[in-house]
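Below you'll find the structure, written out as structure tokens, and then a few comments.
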Amino acid sequence: MRVISCIVTEHNLWLVLLAALMCVTGCWVTIGLLDRARKTVGMQMRGWLFLTAVAAGSSIWCTHFIAMLAYQPGAPITFDPALTMISLVIAMVGTGAGFGLALDKSRGLAPEWGGCLVGLAICAMHYTGMIAYHVAGIVEWDARYVVASLLIAMAFSAVAIGQAERRPYRWSHYLGIGLLVLAIVGLHFTAMAAVAVTPLSFITTGTNPDILEAMAVAVAVVGLIVAATGFASYLIDERGRLESFERLQHLALNDALTGLANRVSFNDRLDHEIERAREGGAMTAVIVIDLDRFKEINDLRGHAAGDQALKIIARRLAKLTGDGEFVARLGGDEFAAIKQFKDQNELLGLVSRLEKSLFEPLLLDDFETVTGASIGVAVYPRDGADRERLVSNADLAMYRAKNDVARAVCFYESAMDETARARRALATDLRQAIERGELTLHYQVQTSVSTGATCGYEALLRWTHPVHGMIPPAEFIPIAEENGSILAIGEWVLRTACRQAASWDKGHKIAVNLSPVQLAHADLAKLVHQILVETGLSPRRLELELTESTIVADKVRTLHVLRQIKALGVTIAIDDFGTGYSSLDTLRSFPFDKIKLDRSFMADVERSPQAKAIIRAVLTLGRSLDIPVLAEGVETHVQLTILQVEGCNEAQGYFLGRPKPIDQILLTGAAAHSLAEIDLSAA
Ligand code: C2E
Ligand code: MG
Ligand code: MG
């Protein structure tokens with residue numbers, strides 16, 4: 001009697017199904033793990049390869065073992081334990097070697113060759129298992145089926161691994177799993193068809209069928225546990241990878257300090273919003289925000305306080321944005337918002353919320369400050385059709401707001417373009433002005449009103465632009481203050497003025513103007529000291545002029561720096577007095593050495609009794625505080641006479657001498673002096 005293995009009866013049906021489940025699960029896990037091994041290198045790859053081999057070997061072996069238990073040869077059976085275990089080792093080591101070869105990226109047909117080796121390992125496992133399978137009967141082998149089984153296993157495995165590795169189609173992964181299942185199943189059934197058993201009727205003892213079934217279940221459970229372990233490690237790794245991907249993505253799209261969206265996400269979002277507005281006929285606003293006094297916090301309180309301020313501001317901005325509104329930090333102290341709207345009032349609502357929040361005080365440790373901000377708005381499609389244009393126009397509007405003391409918010413207007421472009425070009429040129437030797441100092445005489453004697457000279461900066469010619473300081477100093485080049489320029493002015501003054505025979509004083517930005521700079525006192533030592537100018541001959549707004553910006557610190565400078569023996573004058581804040585508190589808070597009365601009063605003094613009254617009041621104030629007063633902008637003889645009558649100490653103005661280059665001062669200093677004396681005696 002010839003017994004064929006594929007007979008399925010009621011008794012063994014569930015075992016066959018169990019084997020099939022084992023086979024499919026095993027192949028699914030194997031191809032998944034192989035995929036992970038493929039994506040890694042080095043030790044990681046070897047680790048995944050090991051897991052793949054264990055999962056593949058054990059599940060193929062389990063499939064085979066359960067199928068063998070389902071096999072009903074019609075005669076009692078037993079298993080050789082040693083050979084059975086060897087067949088398991090062959091399955092693991094053999095498939096491991098095959099997968100290892102398949103992952104060798106340096107060989108062109110490595111996946112297919114590796115697949116063949118896997119097929120060979122399955123066969124070796126199967127036939128070793130068959131040798132371990134002892135049946136009480138005469139066993140005959142059909143060589144043709146054996147060869148066929150070998151070819152089937154190798155061919156299907158080769159294509160299966162080729163698909164899994166190369167993935168030419170979208171479904172290749174699943175195709176690989178299916179083909180590997182077919183390789184195992186095909187091998188099993190063909191190999192079993194090669195066997196014919198003629199039971200020996202006189203031998204009736206063998207393993208009890210119940211025990212065989214129990215074994216099958218135990219093997220299946222262990223096999224599934226191994227497969228599940230492989231799958232679990234795959235899942236854990238997948239989750240880890242996903243999390244690190246999400247973390248990286250968050251880092252790439254968000255600002256590390258504040259957690260707000262960064263420039264990359266801002267650009268993406270703006271492109272998207274413009275597209276949406278284009279399709280829906282809506283408008284999209286780009287709002288660029290630049291903090292006004294952030295640099296000061298950084299300079300005066302340190303970077304930790306600066307970071308803290310940025311975080312608080314970012315939190316406030318994030319909180320105030322509603323649906324369809326988006327805020328980002330573009331870098332440094334620059335933020336931006338996007339809003340899609342149909343009605344202008346919606347936009348105005350957001351802008352005023354932004355403005356209000358940016359002008360709220362910030363509490364940094366024990367110190368309270370308000371950074372304030374300049375806000376520029378440009379709207380699609382009116383102010384630009386694409387992202388670059390909109391952002392650049394919103395920037396222009398923001399710069400306009402920055403230069404306008406009265407306004408924090410500016411909407412883009414096309415007229416801004418030209419001015420702003422010219423201003424930016426000047427800013428770029430200004431950075432190189434020192435190296436190119438385009439800066440010079442002119443000196444304007446300061447004269448004693450009572451004697452007409454020269455008291456000193458004020459150094460006034462001049463920039464000769466290679467194309468635009470002479471540019472007045474009122475135009476370029478604000479630009480230099482904005483882009484920080486005032487620090488280098490201010491240092492140059494101080495050094496040059498001190499050096500030139502040191503070379504004069506007559507020991508006149510030299511007055512140098514200071515910018516608030518220079519005062520905010522921590523080392524001003526040290527710089528002044530260093531320059532005095534370097535140039536050999538006596539500190540008593542140097543006078544520094546600063547305006548009231550400089551002091552008001554950060555009173556405590558400014559006064560501290562001024563005291564340090566004064567301690568060097570340098571005198572301090574308050575410039576343009578009567579404009580700006582004009583708070584008497586300023587005069588009380590620091591012992592100024594001179595009050596320079598703004599030239600606007602002089603211009604009006606001949607026709608305006610009010611201007612004259614103010615001059616008189618300031619002179620009285622100066623006398624009572626024992627601070628000499630210098631009147632700026634004296635252009636006429638009458639003005640000088642008034643000053644003399646009112647008892648002003650010093651005067652400066654075109655009438656007494658225009659600002660002149662150093663060589664002219666040295667030549668004509670005496671002439672100006674005597675001119676003043678003649679005028680005075682005539683008065
Ligand atoms: P300031 O310090 O008040 O300088 C006096 C300004 O009044 C000078 O203008 C001077 O040329 C002008 N002036 C002098 N006498 C008369 C007059 O009789 N009539 C009229 N209408 N004007 C007169 P300038 O040189 O254009 O400088 C303007 C401002 O630029 C200065 O005002 C000062 O605030 C600033 N500045 C000039 N040089 C420097 C500098 O080296 N550093 C800094 N930070 N600022 C400077
Ligand atoms: Mg001045
Ligand atoms: Mg002045």
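Positions are given from 1, in the same order as the sequence printed here. The figures that follow rest on heavy atoms only: side chains count, while hydrogens, waters and symmetry mates do not. Order of listing sets the numbers, starting from 1, for every ligand and every atom in it.
Side-chain contact of Gln444 with Glu458: a donor-acceptor pair under 3.5 Å is absent, judged by distance alone.
Seen from the Mg ion (ligand 2), atom OE1 on Glu545 and atom OD1 on Asn513 lie at an angle near 90° (rounded to 10 degrees).
Each of the following atoms of ligand 1 lies closer than 4.0 Å to a heavy atom of Gly633: 16 (C), 17 (C), 18 (O). Near Leu514, with a cut-off below 4.0 Å to any heavy atom, the atoms of ligand 1 are 44 (N). Near Leu460, meaning under 4.0 Å from one of its heavy atoms, ligand 1 places the atoms 4 (O), 8 (C), 10 (C), 11 (O), 25 (O), 37 (C), 38 (N).
Glu458 contributes atom OE2 as its closest N/O/S atom to the Mg ion (ligand 2). Summary: OD1 is the N/O/S atom of Asp576 found nearest to the Mg ion (ligand 3).
Backbone or side-chain N, O or S atoms of Asp598 do not reach the Mg ion (ligand 3) at under 2.8 Å. At a cut-off of 2.8 Å, Asp575 coordinates the Mg ion (ligand 3) through an N, O or S atom.
Rounded to the nearest 0.5 Å, atoms CG (Asp333) and CG (Asp290) are 4.5 Å apart.
The shortest separation from a heavy atom of Gly490 to ligand 1 is not under 4.0 Å, leaving the residue out of contact. Ligand 1 has at least one atom lying under 4.0 Å from a heavy atom of Arg462.
Between the side chain of Thr440 and the backbone N or O of Trp463 there is no donor-acceptor pair closer than 3.5 Å.
Remark: minimum distance from atom 30 (O) of ligand 1 to any protein heavy atom is reached at Pro473 CB, 3.5 Å.
Using a cut-off of 4.0 Å between Lys/Arg side-chain N and Asp/Glu carboxylate O, Lys594 and Glu543 are scored as salt-bridged. A salt bridge is absent between Glu650 and Lys509; no separation between the charged side-chain nitrogens and carboxylate oxygens falls under 4.0 Å.
If you check each of Gln639, Arg599, Glu632, Glu635 against atom 6 (C) of ligand 1, the one with the closest non-hydrogen atom is Arg599. Among Leu439, Thr579, Asn513, the residue whose heavy atom lies nearest to atom 42 (N) of ligand 1 is Asn513.
The presence of a protein heavy atom under 4.0 Å from atom 32 (O) of ligand 1 is ruled out.
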